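Side chains are part of it too, since the values below use all heavy atoms of this structure and drop only hydrogens, waters and symmetry mates. Bear in mind the structure is a predicted one, so any value in this text is a computation, not a measurement. Remember, it's 1-based here, ligands and their atoms both numbered in the order they're listed. Just so you know, residue 1 is the first one in the sequence shown, and it goes up from there.
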Amino acid sequence: MRVERDGDVAVVVLDNPPVNASTAAVRAGLLDALRATAADETVTGVVLIGAGKHLMSGSDLREFSVDELPEPQLPEVLAAIEAHPRPVVAALSGATLGGGLELALACDRRVALADCRVGLPEVGLGMIPGAGGIVRGLRLLEPDRLLDLVVAAEPIPVGVVGELGLVDEVVTDRLRDAAVAAARSTAKRVLSTLPPRTGKPGLFEETARRLISRHGATPGVLAAAGAVLAATALPATAALRHERAEFTRLRRGPEAAARRHLFFARTAVARAGRPKAGRPIRTVGVVGAGTMGAGIARAFVSAGADVALVDRDPAALERAADQVARAGRDAAARLRTGTALDLLSDADLVVEAVVEDHGVKAAVLGEVAGVVRPGLPLATNTSYLDIDALAATAADPERVLGMHFLAPAHRTGVLEVVRGRATSQDALDHVLSAARLLGKLPVIVGVCDGFVGNRIFSAYRHQCELLVEEGATPRQVDEALLDVGVAMGPFAVADMSGLDVAWHARRRRDAARDPRERYSDLADRLVEKGRLGQKTGAGWYRYVTGDRTPYDDPATEVLIAEARAAQGITPREIGTVEIVERVLTATANEAALVLAEGIATRPGDIDVLMTRGYGFPERLGGPCHWAATRPPAEYAAALQRLGAALGWGFRPGDPDLLS
Ligand code: NAD
């Protein structure tokens with residue numbers, strides 16, 4: 001923090017690299033600068049500006065995990081800005097988020113650089129703004145607009161919020177000069193002394209209802225709606241107290257802790273996934289133009305790469321080209337397709353996405369190695385197959401590794417990067433560079449059946465099926481898990497992906513399975529009846545053409561009853577609490593086993609993969625965080641109940657590995 005002079009204007013430069021986060025030291029420095037400039041009669045105005053790219057990108061989340069935040073806290077600093085005898089102007093740049101935007105809102109005027117983004121991300125972190133973001137925001141925005149902004153919780157280009165009135169002036173360059181000029185010409189305008197804006201009658205309620213039905217009645221969304229409402233009714237000082245109290249209550253709660261954990265875990269994944277060296281990736285070869293190949297091609301052309309897509313089936317290539325065309329004309333122009341592998345000769349990386357069959361994949365990888373440049377990394381998108389065994393068939397095993405895209409490949413934010421026993425650092429770096437190009441977080445894992453994501457997801461789904469076998473209905477299980485925040489119920493997911501995929505995976509494991517192990521054949525029975533899910537009009541649920549809504553199906557009930565009878569199971573009532581506990585415990589336990597085997601490196605890696613790639617609830621922080629934050633005795637008892645339900649062969653993982 002330093003105070004410079006521009007004639008009669010004091011320019012307070014915030015300097016806390018790399019992103020100018022708000023910490024106790026930054027706030028103390030600001031407070032000192034405000035006091036000094038207030039006492040200095042020669043100062044006619046003050047500018048707050050960032051030394052680097054950002055004015056203030058937000059709060060340092062590491063401070064948030066303690067019960068009491070370190071002093072001075074942000075509201076005290078903001079009160080000092082409002083009480084300053086001379087106008088204070090905020091110069092917004094970079095990402096001005098959370099506490100940064102709240103700082104700007106306490107100023108008398110806001111001047112922003114045109115490429116700046118602003119926002120209030122707190123709801124995404126399980127909290128609400130706590131330093132006047134809502135109360136002062138309501139002096140500039142109508143309640144419905146404000147609630148939309150707070151619940152969206154994402155950075156918004158300043159051009160958009162400028163139109164809404166959140167900033168006063170947008171400049172394309174010379175931000176400091178513009179802010180200094182504003183400090184000379186502006187009068188004091190303390191937002192919290194202005195009346196709150198009101199909107200059209202009923203509009204706020206309508207917005208709140210829409211947002212709750214879209215995002216769920218989460219503590220953050222509800223508290224945000226409550227705080228906006230309170231700010232419409234209470235004097236500013238009382239409304240600020242309410243906003244702060246709600247912020248503090250949520251900050252100390254489990255959801256905010258879970259979301260902070262994920263934030264830190266994502267940072268660690270990004271750090272571990274930084275390539276040590278890397279060659280540029282301009283052209284990517286993709287073999288197999290089915291569901292995944294098309295999505296992978298679309299992801300790469302959207303990221304600016306040229307793609308050579310090969311499939312032996314011209315019809316598949318045509319369908320894939322149609323899909324890639326949805327990425328826009330410029331992107332689609334970067335796609336070449338063909339049935340011959342020599343199309344891949346100039347590729348910088350090849351991703352194989354042909355059918356899930358060891359023999360076919362080994363043959364394809366062998367042929368590809370013959371046409372591409374020597375030493376080029378060959379990535380396979382296999383879901384379950386043994387990459388070490390695939391590599392063993394290759395002339396150059398160190399070039400082979402897994403690049404497990406999750407569907408839909410052009411949208412999912414994570415990528416499972418599977419490092420084989422022989423994979424070279426060079427091949428790994430190359431794939432990490434590709435992940436960076438795609439803007440996907442690469443979670444590096446080792447080889448086992450299903451790797452980390454599908455293996456843990458299989459344990460999750462298996463437990464759901466066992467609960468149905470014991471007496472629950474698929475809908476009960478789906479709804480119990482939807483209530484804790486999964487993106488989609490497991491049985492609805494199975495119907496969407498197709499029951500045949502997991503069926504093939506189970507058949508591959510048949511030989512290795514001990515007959516004493518508990519096994520549910522419910523899904524097998526559905527597949528045997530041709531019920532593969534949405535694509536055949538029925539799976540666990542039934543579907544009406546053109547409608548993806550899962551409807552209950554009496555035929556499923558009959559199949560379930562037959563399966564229970566065959567196993568001699570008398571169905572019992574199973575409550576929501578038991579469903580959630582059993583399923584989450586089974587998921588976490590598999591995670592502990594994966595960690596013990598060294599297939600995943602950190603519990604946070606698993607949590608990032610399962611939340612970003614498999615729809616596991618962010619509000620629970622991922623399976624590892626969920627388990628690690630249970631009281632140990634409670635988790636141990638749940639593990640014991642799980643073991644009793646599974647019987648022979650149950651392996652309890654070490655809970656200590658989960659934190
Ligand atoms: P798909 O059946 O839709 O597509 C496979 C394509 O490979 C077909 O177009 C087929 O013509 C082509 N193909 C087969 N043999 C070939 C050969 N010798 N040369 C060239 N092309 C050939 O399958 P998919 O769902 O896209 O899955 C592909 C791979 O991705 C599999 O390994 C699968 O396990 C994996 N995967 C699938 C998903 C998913 O959700 N579908 C998710 C992650 C990974």
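One side chain, T382 or E356, offers a donor N or O that lies under 3.5 Å from an acceptor on the other.
For Y541 and Y551, the ring centers are positioned 6.0 Å apart or more.
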Considering only N or O atoms, set out every pair between ligand 1 and the protein closer than 3.5 Å, with distances to one decimal place.
{"unit_1": "ligand 1", "atom_1": "3 (O)", "unit_2": "T291", "atom_2": "N", "d": "3.1"}
{"unit_1": "ligand 1", "atom_1": "3 (O)", "unit_2": "T291", "atom_2": "OG1", "d": "3.3"}
{"unit_1": "ligand 1", "atom_1": "9 (O)", "unit_2": "D311", "atom_2": "OD2", "d": "2.7"}
{"unit_1": "ligand 1", "atom_1": "11 (O)", "unit_2": "D311", "atom_2": "OD1", "d": "2.7"}
{"unit_1": "ligand 1", "atom_1": "11 (O)", "unit_2": "D311", "atom_2": "OD2", "d": "3.4"}
{"unit_1": "ligand 1", "atom_1": "26 (O)", "unit_2": "T291", "atom_2": "N", "d": "3.2"}
{"unit_1": "ligand 1", "atom_1": "26 (O)", "unit_2": "M292", "atom_2": "N", "d": "2.8"}
{"unit_1": "ligand 1", "atom_1": "30 (O)", "unit_2": "N381", "atom_2": "ND2", "d": "2.9"}
{"unit_1": "ligand 1", "atom_1": "32 (O)", "unit_2": "V354", "atom_2": "O", "d": "3.4"}
{"unit_1": "ligand 1", "atom_1": "32 (O)", "unit_2": "E356", "atom_2": "OE1", "d": "2.5"}
{"unit_1": "ligand 1", "atom_1": "32 (O)", "unit_2": "K361", "atom_2": "NZ", "d": "2.7"}
{"unit_1": "ligand 1", "atom_1": "34 (O)", "unit_2": "E356", "atom_2": "OE1", "d": "2.8"}
{"unit_1": "ligand 1", "atom_1": "34 (O)", "unit_2": "S383", "atom_2": "OG", "d": "2.7"}
{"unit_1": "ligand 1", "atom_1": "36 (N)", "unit_2": "S383", "atom_2": "OG", "d": "3.1"}

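R336 has a carboxylate O that lies under 4.0 Å from a charged side-chain N of D346, or vice versa, which qualifies the two as a salt bridge. A salt bridge links D500 to K535: at least one charged side-chain nitrogen sits closer than 4.0 Å to a carboxylate oxygen.
G124 and A153 make their closest contact through N-CB, 3.6 Å (heavy atoms, listed as atom of the first residue, atom of the second, distance).
Pairs passing the side chain to side chain donor-acceptor pair (under 3.5 Å) check and including a residue from residues 264-274, sequence neighbours excluded, do not occur.
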